[in-house]
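Here is the structure we will look at.
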Amino acid sequence: MKTSVRRWQGHSGIILSSVNSSDVIDCTVCGFRHIVPIPSLKDMEGQYEEDFYSNEKPGYIEKREQDSEWWNLHYNRMYDFLERNVTKGRILSIGCGPGFFLQYGKKRGWHTLGVEPGRGAVEYLRRKGIDVIQGFFEEVDLSEYERFDVIHAAEVLEHVARPELLVRCAYDNLRDNGIICLVVANEYNRLQTLLTEKMGLKPWWVVPKEHINYFDIESASRLLRNNGFEVIHKEVTFPMELFLLMGQHYVGNSEVGRRCHAMRKELELNLWREGMGGFLERLYRFFMEEGMGRELIIYGRKS
């Protein structure tokens, strides 16, 4: 198949997908996949400050609250890892949304702070008693705060115009040997390739209005290494694309999607309840080794 290269304002790479007027390129300059043209911060401000949780993700907060047992299981594992590797202290969450991760950390004795552009999420957090700054992380002034022991960013790198700038800002605001924890969608993975190239599905994960960047395990790890971090741990979450292979067509169908999520949730909860967490972790390690998993969770230490 013939490949095309696109160049835009110093970026260059093979075109992987095209949606409307945007192309996803495998950028040789950045070391990860992203759309071109890249929107400016001003272009994104209205989307994230005012309407993201009301228009883009209606019912998001309510659904997260309904899934609190399952989310707390994952938060518990994440905080267990952090507390084994860094002294419990100050944690900052970038793009923290409604801040469930921070709420859990506060209960465990962490000093928490969130940075979040969405007005609705900020108001929700303040009602919950969580300290939060409204704005974009790269623009807020944190000079009055001590450096943090941990900086966390979940489902954020997909949305920002300059992921490397965010990671460098995180580095500058971490104490020596502090830890960054990134959660990012795992895109152009093996299952997605199978479903598009062999089974005729369109690349449903390419949504330029929301997702600017498209990472995999290696490119997300490289982003950390290139900006001063030592990668100390990697894991993945359940590969939701398996449901598509089983005939559960959740793309564009929220009812089917919610049903698939419920099955994945019950699988994990039941295995953990029955003392089979080790089996689950070995299974997910296998998925990671095969390049599968819906999200990546990567921890880096400031070196």
Side-chain angles (χ1 to χ4, degrees), residues 1 3-6 8 11-39 44 47 52 56-57 94-95 153-164 166-167 181-226 231 234-245 248-252 257 260-261 264 284 286-300:
M1 185 175 69
T3 58
S4 299
V5 173
R6 181 165 178 184
W8 180 83
H11 299 273
S12 178
I14 294 171
I15 297 175
L16 303 174
S17 305
S18 298
V19 175
N20 298 326
S21 58
S22 296
D23 294 323
V24 179
I25 64 170
D26 192 357
C27 186
T28 57
V29 178
C30 297
F32 55 85
R33 305 174 182 101
H34 60 75
I35 65 168
V36 289
I38 299 172
M44 296 185 290
Q47 177 182 357
F52 187 67
E56 301 293 340
K57 290 191 174 184
I94 302 168
E155 300 177 6
V156 172
L157 287 187
E158 301 96 320
H159 302 276
V160 299
R162 295 184 60 192
E164 70 285 353
L166 183 146
V167 173
C181 172
L182 299 179
V183 183
V184 62
N186 178 29
E187 307 293 33
Y188 291 93
N189 63 59
R190 292 184 66 185
L191 293 180
Q192 290 174 339
T193 299
L194 173 63
L195 287 159
T196 54
E197 294 185 358
K198 305 298 183 182
M199 303 185 70
L201 274 70
K202 294 182 179 180
W204 68 92
W205 64 92
V206 178
V207 281
K209 184 181 178 183
E210 294 183 23
H211 288 189
I212 299 170
N213 310 298
Y214 298 84
F215 289 94
D216 57 19
I217 295 169
E218 180 50 41
S219 62
S221 300
R222 182 165 53 242
L223 178 67
L224 287 183
R225 291 194 300 266
N226 288 348
V231 176
K234 297 179 285 187
E235 56 186 82
V236 297
T237 64
F238 185 86
M240 294 298 290
E241 296 89 350
L242 290 176
F243 286 112
L244 294 171
L245 290 170
Q248 299 296 311
H249 295 288
Y250 61 77
V251 177
C260 292
H261 169 67
R264 169 258 190 109
Y284 283 19
F286 167 78
F287 286 144
M288 184 180 67
E289 290 168 355
E290 294 296 319
M292 303 176 192
R294 189 65 203 97
E295 291 92 19
L296 315 169
I297 304 173
I298 303 183
Y299 298 85

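When side chains are defined from C-beta on, Val36 counts as touching Arg6, because their heavy atoms get closer than 4.5 Å. Proximity of Pro239 to Gln192: side-chain heavy atoms (C-beta onward) are nowhere separated by under 4.5 Å. Contact annotation: the side chain of Met288 never approaches that of Leu296 to less than 4.5 Å [non-hydrogen atoms, C-beta and beyond]. Considering only heavy atoms from C-beta on, Thr196 stays 4.5 Å or farther from Lys202 through its side chain. Using a 4.5 Å heavy-atom cutoff, the side chains of Ile298 and Cys181 are not in contact. Using a 4.5 Å cut-off on side-chain heavy atoms (C-beta onward), Leu195 and Leu245 make contact. No side-chain heavy atom of His261 sits less than 4.5 Å from a side-chain heavy atom of Phe238. The shortest side-chain heavy-atom distance between Glu155 and Val184 does not fall under the 4.5 Å cut-off.
Side-chain rings of Tyr188 and Phe215 stay apart, their centers remaining 6.0 Å or farther from each other.
Contacts of Ser22 classified as side chain to side chain donor-acceptor pair (under 3.5 Å), with partners at least two apart in sequence or in another chain: none. Not counting sequence neighbours, the partners of Glu295 by the side chain to side chain donor-acceptor pair (under 3.5 Å) test are Thr237.
One distance of note links CG of Leu194 with CG of Leu244; it measures 10.5 Å at 0.5 Å rounding. Atoms CG and CG, on Leu223 and Leu166 in that order, are 9.0 Å from each other to the nearest 0.5 Å. Residue Ser219 holds its OG atom at 8.0 Å from CZ of Phe32, rounded to the nearest 0.5 Å. For the atom pair CH2 (Trp204) and OG (Ser17), the distance works out to 11.0 Å, reported to the nearest 0.5 Å. In this structure, CG on Leu242 lies 9.0 Å from CE on Met240, to the nearest 0.5 angstrom. Here the CG-OG distance, from Leu16 to Ser4, works out to 11.0 Å after rounding to the nearest 0.5 Å.
Between His11 and Trp8, the ring planes lie parallel to each other; the angle is under 30°, not in the 30° to 60° tilted range. The aromatic rings of His211 and His159 sit perpendicular, their planes meeting at an angle over 60°, well past the 30° parallel limit.
The one candidate from Leu182, Val183, Asn213 that meets the side chain to side chain contact (heavy atoms under 4.5 Å, CB included) condition with Leu157 is Leu182.
Contact detail for Ser21 and Pro37: the closest heavy-atom pair is O-CD, 3.8 Å. Heavy-atom minimum distance, Arg222 versus Gly31: NH2-O, 2.6 Å. Contact record, Asp23 with Ser18: OD1-OG, 2.6 Å, taken as the closest heavy-atom pair. Listed here is the closest heavy atom pair of Gly293 and Asn186: O-ND2, 2.9 Å. Of all heavy-atom pairs between Ile217 and Gly291, the closest is CD1-CA, 4.4 Å.
Using modelled atom types and a 3.5 Å distance limit, the side chains of Glu241 and Asn189 yield a donor-acceptor pair.
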Open item on the list: Go through it in stages, so that I can follow the logic: the residues are Arg264 and Phe243, the test is side chain to side chain contact (heavy atoms under 4.5 Å, CB included), and I'd like the CA-CA distance, side-chain angles, deciding distance and then a yes or no.
Closed with: CA-CA 10 Å; Arg264 169 258 190 109; Phe243 286 112; 4.2 Å; yes
- [ ] Report the C-alpha separation of Val167 and Leu224 in whole Å, then their side-chain angles, then the decisive distance to 0.1 Å, and conclude whether the side chain to side chain contact (heavy atoms under 4.5 Å, CB included) test is met.
- [x] CA-CA 7 Å; Val167 173; Leu224 287 183; 4.0 Å; yes
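By the 4.0 Å N-to-carboxylate-O rule, Lys234 lies too far from Glu218 to be salt-bridged with it. No salt bridge links Arg33 with Glu187; every basic N to acidic carboxylate O contact stays at or beyond 4.0 Å.
Within 6.0 Å of CG on Leu201 lie more than 12 heavy atoms contributed by other residues, nucleotides or ligands.
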